[in-house]
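As structure tokens, the structure follows; a few thoughts come after it.
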Amino acid sequence: VQVRGSIPIYWTQETSVTMPKPPIILNRIDPTYTATRLHFADLFTRYAAPIIVLDLTKQSEKREREMIVSNEYRQAIEHLNVDAQDS
């Protein structure tokens, strides 16, 4: 099963006619990555393990935009993996 969608962290991007690529803003401090944790709990319930994560965001940009979300998502996944190993 392949699931595609928005990255499950708290971020926003304002729409603007004058700015074709508006900045991406991480708008909530969430040290336990609640949204990411709930997203993967749902996936485990629906599909069981293993779950393979593929990040399709840009990994290199002159002006960081997608990389902001990608880096936060990577930290969230690493945090959840550490928690899973400790359990």
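These numbers were taken from a predicted model, which means no experiment stands behind them.
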Notebook entry, point to check: Minimum heavy-atom separation for Tyr47 to Val3, with atom names?
Noted result: CE1-CG2, 4.2 Å
Item checked: Validation row: Ile77, Asn81 side chains within 4.5 angstrom (heavy atoms) -> yes
Notebook entry, point to check: Got Val82 and Glu78 here, is their nearest side-chain heavy-atom distance under 4.5 Å?
Noted result: no
Margin query: Quick check: closest heavy atoms across Ile24 and Trp11, and the distance to 0.1 Å?
Written below: CG2-CE3, 3.7 Å
Notebook entry, point to check: Less than 4.5 Å apart, any side-chain heavy atom of Asp30 and any of Ile9?
Noted result: no
Item checked: Whether Glu66 side chain and Thr57 backbone form a donor-acceptor pair below 3.5 Å -> no
Notebook entry, point to check: Regarding Glu72 and Ser70, is there a side-chain donor-to-acceptor distance under 3.5 Å anywhere?
Noted result: no
Item checked: In one Ile/Leu/Val/Met/Phe/Trp/Tyr side-chain cluster, 4.5 Å: Ile51, Leu54 -> no
Note to self: For the CD1 atom of Ile68 and the CD atom of Gln13, what is their distance to the nearest 0.5 Å?
What the structure shows: 10.0 Å
Margin query: Determine whether Met19 and Glu14 satisfy the following criterion, side-chain contact (heavy atoms from CB on, under 4.5 Å), listing intermediate values before the conclusion.
Written below: CA-CA 9 Å; Met19 192 180 311; Glu14 297 293 325; over 6 Å; no
Check: Can you name the nearest heavy-atom pair linking Thr36 to Ala76, along with the distance?
Finding: OG1-CB, 3.7 Å
Notebook entry, point to check: Closest approach of Thr32 and Arg37, non-hydrogen atoms and distance?
Noted result: O-NH2, 3.0 Å
Next item on the list: Answer whether the closest heavy-atom distance between the side chains of Phe40 and Val53 falls below 4.5 Å.
Entry: yes
Next item on the list: Kindly work out whether a path of hydrophobic side-chain contacts (I/L/V/M/F/W/Y, heavy atoms less than 4.5 Å apart) joins Ile7 to Leu43.
Entry: yes
Next item on the list: Determine whether Phe44 and Leu80 fall in the same hydrophobic cluster, where Ile, Leu, Val, Met, Phe, Trp and Tyr are linked whenever their side-chain heavy atoms lie under 4.5 Å apart.
Entry: yes
Item checked: Qualifying residue for side-chain contact (heavy atoms from CB on, under 4.5 Å) with Met67, from Arg74, Gln59, Glu61 -> Glu61
